[in-house]
Amino acid sequence: MGPMLKAVPGTNDILAQAKEYPFREPVFRYIVSTAEEVLRGAGAQMVYTPIFEYLEVFQKGVGLTSDIVVKKEMFVFEDRGGRLLALRPEPTAAIVRAYNEHGMKVWPQPVRLFTWGPIFRGERQQKGRYKQFHQVDYEALGLSDPLLDAEAIALMVRIYKTLGLKNLEVKLGSVGDPEDRVRYNQYLRELFGPYARDLSEDSRVRVEANPMRILDSKSERDQALIAELQPKPMLAFLGPAAQKFHEQVCNYLDRLGVAYTVDPNLVRGLDYYVRTAWEVHHAGIGAKSALGGGGRYDGLSEMLGGPPVPGVGFGIGVERLAIALEQEGVAPPADPCPTLYLAPLDEAAKIEVLALAEQLRPKIYVEIGYTPKSPRKILEDALKKGARYVGFIGETERARGVITLKHLETGEQRALEPLQLHSLFEGPEVK
RNA sequence: GUGAGCGUAGCUCAGCUGGUUAGAGCACCGGUCUGUGGAACCGGGGGUCGUGGGUUCAAGUCCCAUCGCUCACCCCA
């Protein structure tokens, strides 16, 4: 036997007793269920798509210059027929694929969907960055209207606030229409081209491939050059249509009272974004790490071989949100305690305890003891579990056909027959 | 891929300039308490001190290598 096997670095077990707050199951559940409540309450429909797709879904979706593709950060594998499959590195492309596949274009538009689940990227682990992480994702498809962008941002912010998060910063920008970006990239190439050798190695490649990405490089060399050259921001290159769209999103947000700051240089890692782009930041996660982000992707459907379908949506990183919640001292609501803790005093009582518990469980939350113990131990166990009632079955009870039931708070104790027990737990007051 | 820090019980850690049989707290199980309240006291299980090699009469401790983990860069959620 070799060493005991462990989880792959960058993956995490989510369990109640996890020592790190972001991986505690109640924290996860709190985030996901709150998001679900907010989004359902806004009329969005829950969907689940597979966690893997044909590679092309993501390859075409994210674009060939995206780091996800360039740096091989997708988990790619072959099926038996040799077709390439990939674990999803983001949910949007899969949802658009599903929209097209199920003919949702004939549904009333917009179609508003949300999902949540694991996302996979082949990156090396560090705080807030994992190979498998989780996202809550919302998409509004089939209608190109700044109202949907504003609604998406408002919903996203409301999820954070409902969870109890403060200190949010919403950065809003626009990446323009494709032709605007062509002009902007051309401008940047001409600006940076002559200085290419002053740039970092990564950014030198970007001059031709994706010059917009130079702007959010964290390399000191790059930032020094950027400070010196003072490139004009993307926002200055918006065409009239994109410009008007952006202004409307801002107006709507003002009207909704959603706070944001315009970031003229906001860019996106994924190529399919157009116009609206935003990120939500939180001081706790680290200098440049986003809690979540969103944007408009009107060209994505066609890249996937579908009809033109405009769309806007966002992704919320569950683990990063959990880190932010921890730093703000927000705790998930406590899990309910058992109404009844039922335990055996001897071997023969074990099955009676289970049988009785199974009869009561449709009505109340019953936990049982699995090993016969002394009444003292059973009481201790019941108290540790925070139970409201404790019940014993032993020799005496068996002889009389009863169980001994004790209310832990008042100390009141009675011997009850099964029928009496059922009627006791019939009323709503015991829950 | 690059750099830094850290590896002793399930968890948190102590273990001095190398020196008997490797410790504490928490958790778990049991006893004191023979069928009744979280306490207290006592006891128990659980470790090849990450792994391999070296120095030494003697290595958890010093040296080398290796593996693992964490953080940071890159990028993003």
Side-chain angles (χ1 to χ4, degrees), chain A residues 1-10 15 17-20 22 31 62 66-73 88-92 116-137 156 200-203 205-206 210 213 216-220 222 267-270 279-282 285-294 314-324 341 343-346 349 371-387 390-398 404-413 415:
Chain A
M1 275 231 280
M4 188 176 69
L5 292 168
K6 296 168 129 186
V8 174
L15 61 164
Q17 296 81 356
K19 58 181 171 179
E20 289 166 284
I31 291 172
V62 299
S66 160
D67 288 308
I68 291 178
V69 174
V70 171
K71 293 199 166 175
K72 306 197 163 130
E73 295 204 331
R88 60 181 180 193
E90 52 101 15
T92 307
W116 89 278
I119 303 291
F120 305 87
R121 293 187 195 168
E123 300 189 271
R124 192 139 158 193
Q125 158 172 27
Q126 67 184 267
K127 192 178 181 69
R129 201 194 72 176
Y130 312 100
K131 284 193 174 75
Q132 174 174 334
F133 61 99
H134 299 77
Q135 273 189 16
V136 173
D137 186 75
M156 192 179 180
S200 67
E201 212 171 305
D202 285 341
S203 288
V205 180
R206 294 180 181 133
N210 198 353
R213 297 218 58 86
D216 62 352
S217 163
K218 270 184 264 187
S219 149
E220 283 180 28
D222 295 355
V267 292
R268 273 278 103 107
L270 307 184
E279 288 174 0
V280 177
H281 290 262
H282 184 271
I285 307 298
K288 291 254 174 176
S289 290
L291 271 190
F314 61 76
I316 290 176
V318 174
E319 287 85 350
R320 286 189 180 177
L321 177 48
I323 291 169
Y341 180 73
L345 289 163
D346 56 26
T371 311
K373 289 188 186 178
S374 71
R376 167 183 300 273
K377 294 291 182 196
I378 291 171
L379 274 173
E380 283 179 18
D381 290 347
L383 288 163
K384 277 181 203 159
K385 288 180 183 296
V390 62
F392 318 131
I393 300 180
E395 209 176 327
T396 316
E397 288 78 8
R398 198 158 39 245
T404 300
L405 185 77
K406 180 164 183 154
H407 191 274
L408 282 163
E409 207 174 308
T410 63
E412 185 196 351
Q413 184 168 316

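Sequence lines set the chain letters: A, B, ... in the order given, protein chains first and strands last, and positions in each chain run from 1.
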Measure the distance from [atom1] on [X] to [atom2] on [N] and round it to the nearest whole Å.
| X | N | atom1 | atom2 | result |
| --- | --- | --- | --- | --- |
| K377(A) | C29(B) | NZ | C1' | 8 Å |
| E380(A) | G31(B) | CD | P | 11 Å |
| K384(A) | C26(B) | NZ | P | 13 Å |
| I378(A) | G35(B) | CD1 | C1' | 9 Å |
| K406(A) | G38(B) | NZ | C1' | 13 Å |
| L383(A) | U36(B) | CG | P | 15 Å |
| E319(A) | U70(B) | CD | P | 14 Å |
| D381(A) | A39(B) | CG | P | 11 Å |

RNA chain B nearest-nucleotide lookup for G293(A) and I393(A): closer to the 5′ end is I393(A)
5'-most contact on RNA chain B (nearest-nucleotide basis), T371(A) vs H407(A), goes to T371(A)
By side-chain contact (heavy atoms from CB on, under 4.5 Å), which residues pair with [X], not counting sequence neighbours?
| X | result |
| --- | --- |
| P344(A) | A349(A), K350(A), V353(A) |
| E412(A) | T410(A), R414(A) |
| L408(A) | L379(A), A382(A), L383(A), A387(A), V390(A) |
| T371(A) | none |

### Message
Determine whether the aromatic ring of F392(A) stacks with the base of G35(B), defined as ring centroids separated by less than 5.5 Å and ring planes inclined by less than 30°.
### Response
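Here the ring of F392(A) and the base of G35(B) are not stacked, as the 5.5 Å and 30° limits are not both satisfied.
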Could you tell me which nucleotide pairs with [N] by Watson-Crick or G-U wobble geometry, both distances under 3.5 Å, or answer none if nothing does?
| N | value |
| --- | --- |
| G19(B) | C57(B) |
| C69(B) | G5(B) |
| G30(B) | C42(B) |
| A24(B) | U12(B) |
| C74(B) | none |
| G52(B) | C64(B) |

Under 4.0 Å between a side-chain N/O of [X] and OP1 or OP2 of [N], yes or no?
| X | N | result |
| --- | --- | --- |
| Q126(A) | C71(B) | no |
| R376(A) | G37(B) | yes |
| Q125(A) | U70(B) | yes |
| K373(A) | C29(B) | yes |

Take atom [atom1] in [N] and the same atom in [M], then report the distance between them in whole Å.
| N | M | atom1 | value |
| --- | --- | --- | --- |
| G44(B) | G3(B) | P | 49 Å |
| G10(B) | G45(B) | C1' | 12 Å |
| C28(B) | C16(B) | C1' | 33 Å |
| C41(B) | A24(B) | P | 14 Å |
| U70(B) | G31(B) | C1' | 42 Å |
| A27(B) | U20(B) | P | 31 Å |

Could you tell me whether [X] contacts a base, only the sugar-phosphate backbone, or nothing, with contacts defined as non-hydrogen atoms closer than 4.0 Å?
| X | result |
| --- | --- |
| E397(A) | base |
| Q135(A) | sugar-phosphate |
| G315(A) | nothing |
| L408(A) | base |

Please write out the pairs of protein N or O atoms and N or O atoms of nucleotides 42-46 of chain B separated by less than 3.5 Å, giving the distance to one decimal.
none

Item to check | Gap between atom CD1 of I119(A) and atom CD of E90(A) - 0.5 Å precision | outcome: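 With rounding to 0.5 Å, CD (E90(A)) is 7.5 Å from CD1 (I119(A)).
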What's touching nucleotides 2-12 of chain B from the protein side, N or O pairs under 3.5 Å?
residue, atom, partner, partner atom, Å
U2(B), O4, R124(A), NH1, 3.2
U12(B), OP1, K19(A), NZ, 3.0

Please report the shortest heavy-atom distance between Q132(A) and P118(A), naming the atom on each side.
->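 Smallest heavy-atom distance, with atoms named: NE2-CB, 3.3 Å.
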